[in-house]
Protein chains: 2
Amino acid sequence: MARPRGFEPDTALAQIKDAFWRRGFDATSMQDIEAATGLKKQSLYRLYGDKRGMYLKALDHYGAHEAAEAAALLAGDGSAKARFERLFTHVVDSAVKDGDRRGCFLCNASIDQAPVNDDTRVSVARLMKAVRDAFDGALAASEPYKSKSAVRKQKAALLLASYFGLRVLVRAGMDEAVLRAAVRQAVAGI
Amino acid sequence: MARPRGFEPDTALAQIKDAFWRRGFDATSMQDIEAATGLKKQSLYRLYGDKRGMYLKALDHYGAHEAAEAAALLAGDGSAKARFERLFTHVVDSAVKDGDRRGCFLCNASIDQAPVNDDTRVSVARLMKAVRDAFDGALAASEPYKSKSAVRKQKAALLLASYFGLRVLVRAGMDEAVLRAAVRQAVAGI
DNA sequence: CATATTTGTTACCGATTCGTCCAAAATTCA
DNA sequence: TGAATTTTGGACGAATCGGTAACAAATATG
């Protein structure tokens, strides 16, 4: 009894996410979002609320897909070292081979929106915690990290910093040589 | 034969830098800059050109001061490990004790402006190269890095990533425990 | 003192922003 | 067919944006 929706809300949200991911919150106008989705503002506002709502939903979408995919790479089989090598190499490969220089949406949001918007800050904190847990879990796959939680915490902290830093370097356009070197050294220390 | 300037251009630029540092390029309006400096737009435009010019000059100011100060910490005396411990500990201390959660301006610029603005991208690349050189130089203070440039390059790459990642975590509001742990593990690997 | 030049202040410009409102067209189900 | 609901489209508004022009105040030099 009602006209059916002419598009898929989830793929539209994925397109919104991509727009925010590339250019950040402020530099992405509603016009940009209309162009990215092929929809009109009316439909967008009705479905996702205001621009901030779209951004937060896009961030959640990132957590449910890209971040979860990364967590899956860490949760696979193999030693702790093998798991992190998988993740870090994947990051550099997609940057170099696919030319994906968007970096990490969570990382981008941490820098340009978390400090100025409360809702974004709590979303970022929540997603960050999930990433930390995934890192911790992957380390716990091998000794001595499995039994020694203190050294595991410390190692996980450095891996977390290295991971985000790597993705900053990717977005900054750093040369492949440096990215590869960082990955090699990071996994060598596990 | 002309009226003298009623303010100090360098301190005004430092205030402009602080504003952009905190909120990024887009979220910082000319009104914000007026408030930060206590000057009127006319004086600002006359002295620094347009908003983008102010941003680029602020970025340079960061390179000449904060980044140079960090390089000085690395260029002091002591072993390579001691030098990086100095730098990394300083980062965490200023975040925790002084409550400075602005993060790294160069890192912030890499994420929110370098991908969308050419001038910013070249400035970022230039500053990033200076940081890399400083890291490489500090590593070369100790063996085996002094003689083995291959392992030095690799180690420097990870330290660079760890450094930027650490500063992202700072801006994201990460707990002191994690920051300290990352620093301990980072210097332990030197 | 007078003139020249820079600074500081106010007003204003056109463009763009996000968001709302309203009406017409489209489409499915009763 | 008619009722319900969505999409589309434009118009609109209030606010803010970056940037410019014009004018008054101040000061150094002649």
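The figures here come from the full heavy-atom set of this structure, side chains too, leaving out hydrogens, waters and symmetry mates. The structure displayed is predicted, hence computed values, not measured ones.
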When you check the gap from the basic side-chain N to the acidic O, do B/D93 and B/R180 get nearer than 4.0 Å?
yes
Is the charged tip of A/K51 near the ring of A/F25: under 6.0 Å from the six-membered ring centre and within 45° of its axis?
yes
Would you please confirm or rule out a distance under 4.0 Å between OP1 or OP2 of C/dC18 and any side-chain N or O of A/K51?
yes
Rounded to the nearest Å, what distance is computed from the CD1 atom of residue B/I33 to the C1' atom of nucleotide D/dC17?
12 Å
When the distance from CD of A/E34 to P of C/dT16 is rounded to whole Å, what number comes out?
15 Å
B/L44 CG to C/dT7 C1', straight-line distance once rounded to whole Å:
12 Å
Calculate the interatomic distance between B/M54 atom CE and D/dC17 atom P; express it in whole Å.
14 Å
Tell me which residues in residues 11-29 of chain B put a heavy atom below 4.0 Å from DNA chain D, sorted by number, or none.
B/T28, B/S29
Kindly assign one of parallel, tilted or perpendicular to the pair B/F84 and B/F88, based on the angle between their ring planes and the thresholds 30° and 60°.
perpendicular
If you compare every side-chain N and O of B/Q31 against the phosphate oxygens of D/dC17 (OP1, OP2), does one of them come in below 4.0 Å?
yes
Are B/R102 and B/D100 ion-paired here, with the side-chain N under 4.0 Å from a carboxylate O?
yes
Here the distance between atom P of C/dT20 and atom CE of A/M30, to the nearest Å, is 10 Å
C/dT10 P sits how many Å from B/L39 CG, rounded?
14 Å
Below 4.0 Å: OP1/OP2 of C/dT7 and any side-chain N or O of B/S43
no
For D/dT7, take OP1 and OP2 only and decide whether either is under 4.0 Å from a side-chain N or O of A/R46.
yes
Looking at CZ of B/R132 and CG of A/L169, how far apart are the two atoms once the value is rounded to the nearest 0.5 Å?
9.0 Å
Rounded to the nearest angstrom, tell me the gap between atom CD in A/Q42 and atom C1' in D/dT5.
13 Å
Separation of atom NZ in A/K41 from atom P in C/dT20, rounded to whole Å:
10 Å
N/O (side chain, A/K40) to phosphate O (OP1/OP2, D/dG9) under 4.0 Å
yes
Please work out whether the ring planes of B/F105 and B/W21 are parallel, tilted or perpendicular, with thresholds of 30° and 60°.
parallel
Closer to the 5' end of DNA chain C via nearest nucleotide, is it B/L47 or A/G49?
B/L47
Verify whether the ring centers belonging to A/Y163 and A/F135 lie closer than 6.0 Å.
yes
